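A note on names: the letters A, B, ... follow the listed sequences, proteins ahead of strands, and every chain is numbered from 1. What you see is a predicted model; the values in this text were computed from it and never measured.
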There are 2 protein chains.
Amino acid sequence: MDSINIKDIARICGVGVSTVSRAINNHPDINPETKNMIMQAIKEHNYIPNNSARNLKRTDSKAIAVLIKGISNPFFSKMIRVFEEEIQKKKYLFIMQRVDASEDEVDVALELIKEKKPRGIVFLGGFFSHSREKLEQLTVPFVLSTIGMTDSLEESSSYSWVSVDDFAESYKMTDYLCKLGHKRILILAATQDDESIGRLRLEGYKKALVDNGIEPDEELCVFSEVGRDCYTMDYGFMSMSRILREKKVDFTAVYAISDSIAIGACKAITECGGKIPEDYSVAGFDGLDIAHYYNPTLTTIRQPVEEMAESTIKILFDVIRGKAGHQKRVFKGELVEGESTRSV
Amino acid sequence: MDSINIKDIARICGVGVSTVSRAINNHPDINPETKNMIMQAIKEHNYIPNNSARNLKRTDSKAIAVLIKGISNPFFSKMIRVFEEEIQKKKYLFIMQRVDASEDEVDVALELIKEKKPRGIVFLGGFFSHSREKLEQLTVPFVLSTIGMTDSLEESSSYSWVSVDDFAESYKMTDYLCKLGHKRILILAATQDDESIGRLRLEGYKKALVDNGIEPDEELCVFSEVGRDCYTMDYGFMSMSRILREKKVDFTAVYAISDSIAIGACKAITECGGKIPEDYSVAGFDGLDIAHYYNPTLTTIRQPVEEMAESTIKILFDVIRGKAGHQKRVFKGELVEGESTRSV
DNA sequence: TTGTACGCGTTATCAC
DNA sequence: GTGATAACGCGTACAA
């Protein structure tokens, strides 16, 4: 690397390196004139401080890291936007890290902490069934946002948690469909081995059926293949098409555990000549914009994305600043009645 | 930081730091037994190498960085997925960096190069009107993917470029609408000051009109407010609603410069009691999945996303490996006829 | 095959 | 207000 460094700048300006450092980092103890002169030279010579070296020395980095599992999930797009805004508002740096589906988010976080030394972390998406021991290695305050969890971890007060109650909201939707008179409700669920929101939403569905005097029928529970991304229109379309083709099961309503899946299902129904909601009622979950723009508009559970994202950041900063301890915040979803469902 | 480091591990294992380093980095010159012993200790003590220190020493990092402007754009989601796959296939690390709308992507790249020392860079999205001088500072091979550009830069052979011809494809779509008999085609364009694909698509539209003997009418050109994200359903819905409400202009077809905008427009039309395509034909651009799943299916220009992404990576690696020089690759879009347009 | 010692570019801690 | 210098944690040339 023939690249220019802080020493070169110091030499060029005829000052010490510490002075240059002070200029770069807006330290108070520096003569404005010297500072200007140095900044001038930096511009001229296209000097760019080396972040690795900075991070190595720094003990603290006025940044929030957001780790995202499933970055292409449209549900997260909005959250990310709010995170960005809120974090910038606090004059913090926003570090976004995608986490591969096969990666362990805590490991990634651990690496990131060493590397960038953020003051706080947000985990977005994914499952979360880590041992307490592992979580305790995380020396930085963190918030789990929109993440399903195993009960055992929910009690812990060493971190925060923001989400809707996936079980209860799913119950709400299923109950709604039951009250509309549907007795045979097909569910397009996640993978069979899901341990996260997929499972919670499935359980909520089953419980609601039982409470409405309907015996859950395994034939009406459709699962995605293990290993594929199941919150997609593609999955909804494929499985719905197959079911309609096979004509093995009988149902009057479809409850998809995400709006994307629901839209795929709608398409499959329409393509088979079916009408929504006349032939089948269809309901989704999430409350994406597209649920409202789709034709017919989708009945769905709207998660209050903005508030959840704002709350996530607020809680994180409260913890960072010692204003409050960790919190578990559960948001209420809103059942939005669209044109895609009707009573029978 | 009370954190454990390489020296501690060396001490614990009773070896030198270089031996530990060799174990971590899969160096050949090491006794398998010592290596196992060391790896064991690393696991046990939860040692995580500090990336900042590594990057500082390394001259080269077997990684590809992808800088994305407008990360919530659904069009990029698929590209990112392909990038990820292809890069992993080559056993390279995939570094994803979002670039804020207000940031200069080249500055971000410059920083990243110093910090992470990737072997190649992909720029995704955004405008690209940087001075040659600035681009020349980029010492790492890079590819511009799906980026509109000012002509002056297109000639340069110091970087690669992969995209569709936004002008030609937009021409194609407009021409198609004209041939369907539409004479009054409203365009939902980007912001007035757009210098990127937004402008190119607008120009293509105008040229096609002229070639079909239609004088472009400024009243039929709708622009988004400067500063807001204009490739959204929201923009499509809002502006279309306004136009239908005002009833000032007359038209039989709407051409939105992205599918998202088109969907928003569809909704506005439907909500006003209009029928698609009976009352208005609607066309989009991009070929998102949703264009196919929407109801009615959207007439659009499908960009060959997968091929473009694969090509981007292929070209980049060819350059990195010295197999070939920089290339400008233009992909053909496919006009997909959906149910949203009809002849008049 | 292994260990020692130095340097990467920066910031923090001192002295001045 | 400023400058010298010691870390930060790691990779690597070189010696052993």
If I take atom OH from residue A:Y47 and atom NZ from residue B:K114, how far apart are they, to the nearest 0.5 angstrom? 6.5 Å
Output the distance between atom CG (B:L112) and atom CD (B:Q97), rounded to the nearest 0.5 Å.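 Nearest 0.5 Å value for the CG-CD distance: 5.5 Å.
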Tell me the interatomic distance from [X], atom [atom1], to [N], atom [atom2], rounded to whole angstroms.
| X | N | atom1 | atom2 | result |
| --- | --- | --- | --- | --- |
| B:I9 | D:dC10 | CD1 | P | 9 Å |
| A:I6 | D:dT2 | CD1 | C1' | 14 Å |
| B:K117 | C:dC8 | NZ | P | 11 Å |
| B:D60 | D:dG11 | CG | C1' | 13 Å |
| A:K62 | C:dT11 | NZ | C1' | 17 Å |
| A:L56 | C:dT11 | CG | C1' | 10 Å |
| B:N25 | D:dG9 | CG | C1' | 13 Å |
| B:K7 | D:dC8 | NZ | P | 7 Å |

Who passes side chain to side chain donor-acceptor pair (under 3.5 Å) against A:S77, sequence neighbours left out?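 Residues passing side chain to side chain donor-acceptor pair (under 3.5 Å) with A:S77: none at all.
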Need one value for B:V17: base, sugar-phosphate or nothing, where a base atom within 4.0 Å counts as base even if backbone is also close, heavy atoms only.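 Counting heavy atoms under 4.0 Å across all strands, the contact made by B:V17 includes a base.
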Over all strands shown, is A:N51 touching base, sugar-phosphate only, or nothing at heavy-atom distances under 4.0 angstrom?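 The answer is nothing, as A:N51 stays clear of every strand by at least 4.0 Å.
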Interface residues of residues 28-48 of chain A with DNA chain D (non-hydrogen, below 4.0 angstrom): A:D29, A:I30, A:N31, A:T34
Among all residues two or more places apart in sequence or in another chain, which pass the salt bridge (Lys or Arg N to Asp or Glu O under 4.0 Å) test with [X]?
| X | answer |
| --- | --- |
| A:D318 | A:K314 |
| B:E310 | none |
| B:R81 | none |
| B:R321 | none |

Compare side-chain N and O positions of [X] against OP1 and OP2 of [N] and report whether any pair is under 4.0 Å apart.
| X | N | value |
| --- | --- | --- |
| B:R54 | D:dC10 | no |
| B:N50 | D:dC8 | no |
| B:N55 | D:dC10 | no |
| B:T19 | C:dT2 | no |
| A:N5 | C:dG9 | yes |

Reading DNA chain C from 5' onward, which residue's closest nucleotide shows up sooner: B:K57 or A:H27?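 This one resolves to B:K57.
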How do B:G14 and B:A53 order along DNA chain C: which one's closest nucleotide is nearer the 5' end? B:G14
Backbone of B:N51 reached by a side-chain donor or acceptor of B:N55 within 3.5 Å: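 Judged by distance alone, yes, a pair lies under 3.5 Å.
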Angle between the two end axes of the helix from C:dT1-D:dA16 to C:dC16-D:dG1, five base pairs per end, rounded to 10 degrees?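 For the helix from C:dT1-D:dA16 to C:dC16-D:dG1, the axes at opposite ends meet at about 40°.
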Please name all residues satisfying side-chain contact (heavy atoms from CB on, under 4.5 Å) with B:S18, sequence neighbours left out, ordered by chain then number.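 Only B:R22 meet the side-chain contact (heavy atoms from CB on, under 4.5 Å) criterion with B:S18.
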Summary of ring pair (Phe, Tyr, Trp, His ring centres under 6.0 Å) pairs that have at least one residue in residues 66-107 of chain B, sequence neighbours excluded: B:Y92-B:F317
Which side-chain N or O atoms in residues 60-68 of chain A pair as donor and acceptor under 3.5 Å with protein atoms at least two apart or in another chain?
unit_1	atom_1	unit_2	atom_2	d
A:D60	OD1	A:R119	NE	2.6
A:D60	OD2	A:R119	NE	2.8
A:D60	OD2	A:R119	NH2	2.4
A:S61	OG	A:K116	O	3.1

Side chains of residues 33-42 of chain A: which donor-acceptor pairs under 3.5 Å do they make with residues two or more places apart or in other chains?
unit_1	atom_1	unit_2	atom_2	d
A:T34	OG1	A:N31	O	3.0
A:K35	NZ	A:N26	OD1	2.9

Can you tabulate the close N/O pairs, meaning under 3.5 Å, that link protein atoms to atoms of nucleotides 13-16 of chain D?
none

